[in-house]
Amino acid sequence: MINTSFAGLKLVSPIIVGSNSQTANIQKIVEFEKAGAGAIVLKSLFEESIMREISSLGNDDHPEAYDYLSGYVSEKVVTDYLALIAEAKKRCAIPIIPSIACHSDGKWEEFAKRMQGAGADALELNVMSLSTSRVYKDGDFERIHYKIVENVVKLVNIPVIVKIGSNHSNITSLCDGLYARGAKAVVLFNRLFPTDIDVDRLTFTIGQALTSSADLSLPLRWTGIVSASVPQIDIAVSGGVDSWKGIAKSILSGAKAVEVASAIIREGASWITNANKLLEEWQQSKGFNAPENYVGNMNAAEPENEDKLLRTQFLKYFSEIH
């Protein structure tokens with residue numbers, strides 16, 4: 001049995017299909033459920049994209065028309081998204097989780113209540129931002145996260161999940177603060193746009209778009225640390241889970257679930273079915289009846305594990321590499 005729970009939601013599998021272009025397609029969403037997904041995170045509604053689209057309208061000559069069009073654009077985007085939530089809930093029995101990719105505390109928070117009304121089972125807040133100001137004050141970046149969560153929790157009674165970046169000075173403290181403000185779960189980690197440079201054209205280009213198993217190390221480390229220090233908040237690993245082994249590793253580190261996008265984009269919905277099958281076979285071989293029997297077995301609660309998870313230097317361990 002691979003049933004589990006995450007953020008108060010009952011999941012038939014620890015595999016949550018992460019937000020990506022395919023989770024904006026109702027046929028794909030249905031296909032993912034049939035393949036055995038535990039939940040679906042819908043393609044993110046990007047605050048930044050809405051603002052950019054509104055800005056492209058221009059507002060110099062006809063401010064009244066600009067106000068009307070900006071309101072129309074914003075409402076059209078949100079209405080279409082609400083329709084996707086409603087249709088997904090109509091067609092699927094597994095949890096449907098809309099995602100808001102946001103970087104500020106603002107009016108978009110009002111959309112959260114409308115998403116709940118459309119049938120959302122939970123809400124994922126993907127706080128995507130970089131802290132780059134020279135006049136930055138300690139804690140400013142974290143306070144943005146706290147304010148967003150506080151405002152959303154006041155408006156909805158469904159679980160609020162926060163997907164955070166790895167660019168924080170103390171991730172354990174941040175997760176503890178998010179829990180104190182009402183978040184039911186965190187996702188470690190969101191992935192910023194992969195920037196690269198084309199040296200022939202001297203232009204910016206996209207780097208490696210999809211993750212691989214090499215990306216799993218960082219979320220595994222922090223999951224092992226946070227799950228031991230803040231056991232009250234559920235964790236999902238995101239980034240680098242490309243096989244059933246990645247799922248098992250994540251759960252052993254303390255995750256209740258994993259969010260997977262790249263592997264599914266590469267291999268299709270069948271990846272979910274195969275990963276579920278192999279995970280269950282591995283569980284049985286180890287004498288585990290369900291993920292709850294081994295979640296956090298290798299987190300930092302054990303001193304020996306803590307030593308491995310907190311290790312930051314590895315020069316003297318090069319001899320182990322052949």
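Just so we're clear, the structure is a prediction, and the values are computed from it rather than from any experiment. Worth knowing before you read on, the calculation uses all heavy atoms, side chains too, and leaves out hydrogens, waters and symmetry mates.
Considering L42, T23, L9 as possible partners of I97, the one that fulfils the side-chain contact (heavy atoms from CB on, under 4.5 Å) test is L9. Checking each of V258, V237, D242 against L216 for a side-chain contact (heavy atoms from CB on, under 4.5 Å) leaves exactly one that passes, namely V237.
Put simply, CG on N276 and CH2 on W244 are 13.0 Å apart, with the number rounded to the nearest 0.5 Å. Between atom CG of residue L210 and atom CD1 of residue I264 there is a gap of 11.5 Å, rounded to the nearest 0.5 Å. Between S99 atom OG and K163 atom NZ the span is 7.0 Å, to the nearest 0.5 Å. A distance of 11.0 Å separates NZ of K43 from CG of L84, quoted to the nearest 0.5 Å. Summarising the geometry, atom CG belonging to L174 is positioned 9.0 Å from atom CZ belonging to F141; distances are rounded to the nearest 0.5 Å. Within the model, atoms CG of L125 and CD1 of I164 stand 12.0 Å from one another, a figure rounded to the nearest 0.5 Å.
Counting heavy atoms from C-beta on, the side chains of I197 and F204 come closer than 4.5 Å. The shortest side-chain heavy-atom distance between V78 and Y81 does not fall under the 4.5 Å cut-off. Within the 4.5 Å cutoff, side-chain heavy atoms of V241 are placed close to those of S250. By the 4.5 Å heavy-atom criterion applied to side chains, R91 and I29 are not counted as neighbours. Two residues are said to be in side-chain contact when any heavy atoms from C-beta on lie closer than 4.5 Å; N190 and S238 fail this criterion. The closest side-chain heavy-atom distance from I94 to F32 is not below 4.5 Å. Under the 4.5 Å side-chain criterion, counting only non-hydrogen atoms from C-beta, T172 is in contact with V230. The shortest side-chain heavy-atom distance between M115 and L45 falls under the 4.5 Å cut-off.
Taking both residues in full, the closest heavy atoms of K256 and S5 are given as CB-O, 3.4 Å, listed atom of the first, atom of the second, then distance. Across all their heavy atoms, P14 and I247 have their closest contact at CG-CG2, 3.9 Å. For the residue pair L188 and C175, the shortest heavy atom distance occurs at CD2-SG, 4.4 Å. The shortest non-hydrogen separation linking Q116 to I158 is OE1-N, 3.2 Å. For S44 against S19, the heavy-atom pair with the smallest separation is N-OG, 2.9 Å. Scanning all heavy atoms of the two residues, the minimum distance from K10 to P95 falls at O-CG, 3.9 Å.
Here the side chain of N293 pairs a donor or acceptor atom with the backbone of A290 at under 3.5 angstrom. In this structure a side-chain-to-backbone donor-acceptor pair under 3.5 Å is present from S227 to S253. Put simply, the side chain of D196 never gets that close to the backbone of T205: no donor and acceptor are under 3.5 Å apart. The closest donor-acceptor contact from the side chain of N305 to the backbone of N299 lies under 3.5 Å. Within the 3.5 Å criterion, the main-chain N or O of G18 finds a donor-acceptor partner in the side chain of N20. Counting only distance, with no hydrogens or angles, the side chain of Q283 and the backbone of M1 share a donor-acceptor pair below 3.5 Å. At least one donor-acceptor pair under 3.5 Å links the side chain of E33 to the backbone N or O of A93.
The aromatic rings of W282 and F288 are tilted relative to each other, their planes meeting at an angle between 30° and 60°.
The environment of Q232 atom CD is dense: over 12 non-hydrogen atoms of other residues, nucleotides or ligands sit within 6.0 angstrom. When the shell of 6.0 Å around NZ of K113 is examined, it contains 12 or fewer heavy atoms from other residues, nucleotides or ligands.
Remark: E150 does not engage K154 in a salt bridge, criterion side-chain N to carboxylate O under 4.0 Å.
Using a 4.5 Å cut-off between side-chain heavy atoms of Ile, Leu, Val, Met, Phe, Trp and Tyr, with links allowed through other members, F111 and I144 fall into the same hydrophobic cluster. When hydrophobic clusters are built by joining Ile, Leu, Val, Met, Phe, Trp and Tyr residues whose side-chain heavy atoms come closer than 4.5 Å, directly or via intermediates, V162 is grouped together with I96. Residues L279 and I16 do not share a hydrophobic cluster, defined by chaining ILVMFWY side chains whose heavy atoms lie under 4.5 Å apart. Linking Ile, Leu, Val, Met, Phe, Trp and Tyr residues whenever their side-chain heavy atoms come within less than 4.5 Å leaves F6 and I2 in two separate clusters. With hydrophobic clusters built from ILVMFWY side chains whose heavy atoms lie under 4.5 angstrom apart, Y146 does not share a cluster with V187.
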message: Applying side chain to side chain contact (heavy atoms under 4.5 Å, CB included) to T79 and R114, what does each step give before you reach the verdict?
response: CA-CA 9 Å; T79 299; R114 297 175 66 184; 4.2 Å; yes

- request: Step by step, work out the salt bridge (charged side-chain N to carboxylate O under 4.0 Å, His left out) result for E31 and K34.
  value: CA-CA 5 Å; E31 184 180 354; K34 289 180 178 178; over 6 Å; no

